[in-house]
J.: 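Dumping the structure here so I can ask a few things about it.
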2 protein chains.
Amino acid sequence: MKLDSIGRYISSIYRHQSILINKYFEKYGFGSGQYIFLINISKNEGINQKQLSENVKIDRANTNRAIKKLEKLGYIYTVEDKEDRRSRKSFLTEKGKEIIPLVIKDLANITEIMAQGMDDNQREKLLELLQLIEKNIMLEVDNIRKDKCK
Amino acid sequence: MKLDSIGRYISSIYRHQSILINKYFEKYGFGSGQYIFLINISKNEGINQKQLSENVKIDRANTNRAIKKLEKLGYIYTVEDKEDRRSRKSFLTEKGKEIIPLVIKDLANITEIMAQGMDDNQREKLLELLQLIEKNIMLEVDNIRKDKCK
DNA sequence: GTATAATAGTTGCGATAGCAATTAACTAGG
DNA sequence: CCTAGTTAATTGCTATCGCAACTATTATAC
């Protein structure tokens with residue numbers, strides 16, 4: 001068993017997944033860089049960019065760009081937070097609400113493609129292991145970032 | 001269990017992995033976009049770009065750019081294939097051979113960080129499942145590409 | 001209350017990546 | 001041969017992403 005295999009598979013799957021997502025969501029005008037934010041806003045109407053960024057674990061700069069694009073496409077709108085004028089809250093538009101079920105269906109479809117040939121037990125185990133890896137690697141990245149600030 | 005979880009974990013892990021890899025290999029002057037090619041050349045001296053591209057499953061354009069960068073940094077050199085002058089073979093330089101064991105050690109370290117808290121059985125299961133996902137998603141991407149050429 | 005810190009958002013920059021088109025070299029059919 | 005099709009490498013373009021620097025607003029300390 002090769003020691004570097006986990007990372008290589010993750011990379012390969014990620015890139016192919018992005019290609020697939022881009023094809024699926026081409027019809028909506030967005031791609032792999034935006035869909036996750038749209039989904040997250042639909043589950044947390046009124047969320048601000050900082051929270052979004054933490055939820056999806058993507059850099060604030062890219063969160064900002066994704067929001068801008070979704071807004072321009074008409075799927076979301078944003079309003080200034082009255083309590084804290086630095087913050088902007090994001091909401092789904094009617095157009096956004098309409099496509100959410102379709103987007104969720106497409107994502108389920110993609111997941112089904114990826115998990116083809118796995119039984120429920122394997123899928124559950126896989127999710128547990130991926131969750132653990134994410135926790136481990138995020139902790140390490142945080143430590144590196146802290147080290148730099150020393 | 002959320003249906004879109006596998007993809008979300010894959011994305012998050014990939015991005016954090018890239019950050020980690022960039023930190024680890026900063027000292028050599030390359031990052032997440034090149035290391036995989038260096039490793040692959042070390043295991044297949046004389047390989048050409050087409051083969052490399054297929055091995056690491058990265059687009060030929062990026063394979064070309066990675067090779068150029070590794071060559072510029074002095075870790076590899078390339079020579080025209082006498083049998084087929086379109087093709088260029090890649091080899092490690094002495095400088096390249098020197099760092100390979102260190103790069104492999106770093107990669108093992110990163111894998112160890114990611115797999116922390118897993119026993120051997122879990123690691124093996126994980127690799128099997130990742131391998132299956134990669135197979136599934138590559139097949140799907142290939143089908144999409146074929147469809148387009150019809 | 002004012003000066004300093006911290007925080008949310010934003011912008012510029014460089015790295016990684018896929019796709020499409022081009023060039024140069026090889027292969028096969030006539 | 002020589003023309004047409006194929007293939008390896010290359011280049012231009014665009015999208016995604018993290019980091020650093022900056023602005024505007026809020027919170028804290030004195």
Side-chain angles (χ1 to χ4, degrees), chain A residues 11-23 25-26 29-37 47-54 56-73 78-90 138 141-142 144-145 148-149, chain B residues 11-23 25-26 29-37 47-54 56-73 78-90 138 141-142 144-145 148-149:
Chain A
S11 300
S12 174
I13 295 166
Y14 171 80
R15 290 193 314 275
H16 288 91
Q17 176 182 250
S18 298
I19 295 170
L20 216 53
I21 287 173
N22 285 332
K23 292 290 170 199
F25 298 142
E26 207 175 23
F30 55 79
S32 68
Q34 295 82 42
Y35 84 98
I36 188 82
F37 294 98
I47 193 170
N48 67 10
Q49 292 184 24
K50 182 184 184 290
Q51 271 301 319
L52 262 177
S53 193
E54 284 170 15
V56 307
K57 294 162 184 73
I58 289 180
D59 173 70
R60 291 219 282 246
N62 290 301
T63 298
N64 184 275
R65 289 186 270 258
I67 293 299
K68 289 278 171 63
K69 184 159 181 182
L70 289 172
E71 197 170 11
K72 197 172 176 186
L73 286 166
T78 64
V79 294
E80 195 184 82
D81 186 345
K82 293 280 182 292
E83 321 263 308
D84 183 346
R85 286 169 48 227
R86 289 171 301 185
S87 176
R88 294 190 72 78
K89 297 166 154 223
S90 290
M138 283 183 66
V141 169
D142 280 347
I144 286 178
R145 285 179 180 149
K148 203 169 52 179
C149 294
Chain B
S11 299
S12 173
I13 294 166
Y14 172 82
R15 291 194 313 276
H16 287 93
Q17 177 182 250
S18 296
I19 295 170
L20 216 55
I21 286 174
N22 285 332
K23 293 289 169 196
F25 298 142
E26 206 176 23
F30 55 79
S32 66
Q34 295 81 42
Y35 84 97
I36 188 80
F37 293 99
I47 193 170
N48 68 10
Q49 293 184 23
K50 182 185 185 292
Q51 271 301 319
L52 262 176
S53 194
E54 283 170 15
V56 308
K57 294 162 185 71
I58 288 180
D59 172 71
R60 284 201 221 162
N62 291 302
T63 298
N64 184 274
R65 289 185 271 258
I67 293 300
K68 288 277 172 64
K69 184 158 182 183
L70 288 172
E71 196 170 11
K72 197 172 177 187
L73 287 165
T78 65
V79 294
E80 196 184 82
D81 186 345
K82 292 282 182 290
E83 320 265 306
D84 183 346
R85 287 169 50 227
R86 289 171 302 182
S87 175
R88 293 191 73 79
K89 298 167 153 224
S90 291
M138 283 182 65
V141 169
D142 279 348
I144 286 178
R145 285 179 179 147
K148 204 169 51 179
C149 294

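Every chain is numbered from 1 and lettered A, B, ... according to where its sequence line falls, protein lines coming before strand lines.
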J.: Quick one: is dA9(D) close enough that its OP1 or OP2 comes under 4.0 Å of any side-chain N or O from Asn64(B)?
T.: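 The answer is no; no side-chain N or O of Asn64(B) sits under 4.0 Å from OP1 or OP2.
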
J.: Take atom CD of Gln49(B) and atom C1' of dA25(C), then tell me their distance rounded to the nearest Å.
T.: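 Rounded to whole Å, this separation is 15 Å.
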
J.: Is Asn48(B) reaching over with its side chain to a backbone N or O of Lys89(B), donor-acceptor style, under 3.5 angstrom?
T.: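 Not a single qualifying donor-acceptor pair exists.
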
J.: Let me confirm one number: the CG-CG distance from Asn64(B) to Asp59(B), rounded to the nearest 0.5 Å.
T.: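 So the CG of Asn64(B) and the CG of Asp59(B) are separated by 10.0 Å.
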
J.: If you assign Gly33(A) and Asp59(B) each to the DNA chain D nucleotide with the nearest heavy atom, which residue ends up on the more 5' nucleotide?
T.: Asp59(B)

J.: Assign Asp84(A) to base, sugar-phosphate, or nothing according to its heavy-atom contacts below 4.0 angstrom with the strands shown.
T.: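 Asp84(A): backbone/sugar contact only, no base atoms under 4.0 Å.
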
J.: When we call it a touch if two heavy atoms are under 4.0 Å apart, what does Gln34(B) touch: a base, just sugar-phosphate, or nothing?
T.: sugar-phosphate

J.: Rounded to the nearest angstrom, tell me the gap between atom CZ in Arg88(A) and atom P in dT25(D).
T.: 12 Å

J.: Whole Å only: how far is the CG atom of Asn22(A) from the C1' atom of dC17(D)?
T.: 14 Å

J.: Nearest whole Å is fine: how far is dA17(C) P from Gln17(B) CD?
T.: 11 Å

J.: Could you check how far CE of Met138(B) sits from C1' of dG18(C), rounded to whole Å?
T.: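 To the nearest whole Å, that distance equals 14 Å.
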
J.: Does any donor-acceptor pair link the side chain of Asn62(B) with the base of dG18(C) at a separation under 3.5 Å?
T.: yes

J.: Roughly, in whole Å, what's the span from CD1 in Ile58(B) to C1' in dA8(D)?
T.: 18 Å

J.: Under 4.0 angstrom, heavy atoms only, what part of the nucleic acid is Arg60(B) near: base, sugar-phosphate, or nothing?
T.: base

J.: dT10(C) pairs with which nucleotide, Watson-Crick or G-U wobble, both distances below 3.5 Å?
T.: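 Across any shown strand, dT10(C) pairs with dA21(D).
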
J.: Fit a plane to each ring of Tyr14(B) and Tyr14(A), take the angle between them on a 0 to 90° scale, and name the class: parallel (under 30°), tilted (30 to 60°) or perpendicular (over 60°).
T.: parallel

J.: With a 4.5 Å limit on heavy-atom distance, are the side chains of Arg60(B) and Gln49(B) in contact?
T.: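 SC-SC contact between Arg60(B) and Gln49(B) ruled out.
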
J.: Under 3.5 Å, is there any donor-acceptor pair linking the side chain of Arg65(A) to the base of dG18(D)?
T.: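 In this structure, the two groups form a donor-acceptor pair.
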
J.: If I take atom CD1 from residue Ile47(B) and atom CD from residue Gln51(B), how far apart are they, to the nearest 0.5 angstrom?
T.: 5.5 Å

J.: OP1 or OP2 of dA25(C) sitting under 4.0 Å from any side-chain N/O of Ser87(B)?
T.: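 No.
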
J.: Specify the separation, in whole Å, of atom CZ of Phe25(A) and atom P of dA15(D).
T.: 18 Å

J.: Return the nearest nucleotide to the side chain of Arg15(A); candidates are dA9(D), dT16(C), dG18(C).
T.: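 Of dA9(D), dT16(C), dG18(C), dG18(C) is nearest to the side chain of Arg15(A).
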
J.: For Tyr14(A) and Arg86(A), take the nucleotide of DNA chain D holding the closest heavy atom to each; which residue's nucleotide lies nearer the 5' end?
T.: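 Nearest nucleotide further toward 5': that of Tyr14(A).
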
J.: Return the minimal non-hydrogen interatomic distance between Thr63(A) and Ile58(A), and the atom names on each side.
T.: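 The answer is OG1-O, 3.4 Å.
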
J.: Rounded to the Å, how far apart are Lys69(A) NZ and dA15(D) C1'?
T.: 7 Å

J.: Under the rule syn = chi within 90° of 0, otherwise anti, which is dA5(C)?
T.: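 Because its glycosidic torsion lies within 90° of 0, dA5(C) adopts the syn conformation.
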
J.: Less than 3.5 Å between a donor and an acceptor, one on the side chain of Arg85(A) and one on the base of dT25(D), is that the case here?
T.: no

J.: Of the nucleotides dC19(C), dT10(D), dT16(D), which one has an atom closest to the side chain of Lys68(B)?
T.: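 Within the option list, the nearest is dT10(D).
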
J.: For Thr63(B), answer base if it contacts any base atom (sugar-phosphate contacts may also be present), sugar-phosphate if it contacts only those atoms, and nothing otherwise; contact means non-hydrogen atoms under 4.0 Å.
T.: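 Nothing, no nucleic acid heavy atom in range.
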
J.: Using a cut-off of 4.0 Å on non-hydrogen atoms, how would the nucleic acid contact of Asn48(A) be classed: base, sugar-phosphate, or nothing?
T.: sugar-phosphate

J.: If each of Ser11(A) and Lys82(B) is mapped to the nucleotide of DNA chain C with the nearest heavy atom, which maps nearer the 5' terminus, i.e. the 5' end?
T.: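 Result of the comparison: Ser11(A).
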
J.: Closest-nucleotide mapping onto DNA chain C: is Ala61(A) or Ile19(A) further toward the 5' terminus? I mean the 5' end.
T.: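 It is Ala61(A) whose nearest nucleotide is closer to the 5' end.
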
